[in-house]
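Heads up, the thing below is written out as structure tokens.
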Amino acid sequence: AGGCDITIVNSQIRAGGWAIVIKGGGDVYVDQSEVTGQEGSVQILGGGDLHASGTSFKGRRVVQGGGDIRDGGGNTWTE
């Protein structure tokens with residue numbers, strides 16, 4: 001095991017690169033937020049999960065080496 005857990009609620013994340021990067025087994029919980037990245041919205045490398053509900057994601061998503069995107073409903077995904 002490794003990584004840490006973080007919760008993001010009612011937030012706007014905008015990035016010139018990747019908006020959210022999860023590495024090494026951390027879990028990220030996103031609720032009622034907007035996530036936008038020029039490179040992509042979510043990148044999961046080497047484990048870890050994204051748990052999302054009621055959130056707008058703009059930008060591609062990449063999962064490599066394990067991990068998962070767990071959609072709790074009400075999300076929109078635009079690449």
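Predicted model, so just to flag it, every value in this text is computed and none were measured. All values below were derived from every heavy atom in this structure, side-chain atoms included, with hydrogens, water molecules and symmetry-related copies excluded.
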Could you state whether [X] and [Y] fall into the same hydrophobic cluster, counting links through intermediate Ile, Leu, Val, Met, Phe, Trp or Tyr residues with side-chain heavy atoms under 4.5 angstrom apart?
{"X": "Ile69", "Y": "Val35", "value": "yes"}
{"X": "Trp77", "Y": "Trp18", "value": "no"}
{"X": "Leu45", "Y": "Ile13", "value": "no"}
{"X": "Val42", "Y": "Val63", "value": "yes"}

Original post:
Of all residues at least two apart in sequence or in a different chain, which pass the side-chain contact (heavy atoms from CB on, under 4.5 Å) check with Val28?
Top reply: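 Ile6, Ile8, Ile20, Ile22, Val30, Leu50.
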
Subject >> With Gln12 via side-chain contact (heavy atoms from CB on, under 4.5 Å) - residues at least two apart >> reply: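 Expected list: Arg14, Glu34.
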
Original post:
For Ala19 and Ser41, which heavy atoms make the closest approach, and how far apart are they?
Top reply: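 In terms of heavy atoms, the two residues are closest at CB-O, 3.4 Å.
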
**OP:** Sequence neighbours left out, what passes salt bridge (Lys or Arg N to Asp or Glu O under 4.0 Å) with Asp71? Give chain and number order.
**Re:**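 Testing Asp71 for salt bridge (Lys or Arg N to Asp or Glu O under 4.0 Å), a comparison that skips the adjacent residues, returns none.
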
Subject >> Non-neighbouring partners of Asp49 that pass salt bridge (Lys or Arg N to Asp or Glu O under 4.0 Å), sequence neighbours left out >> reply: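 Asp49 satisfies salt bridge (Lys or Arg N to Asp or Glu O under 4.0 Å) with Arg70 only.
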
Side-chain donor-acceptor pairs under 3.5 Å in residues 51-58, sequence neighbours left out?
from, atom 1, to, atom 2, distance (Å)
Ser53, OG, Asp31, OD1, 2.9
Thr55, OG1, Gln32, N, 3.3
Thr55, OG1, Ser33, N, 3.3
Thr55, OG1, Ser53, O, 3.1

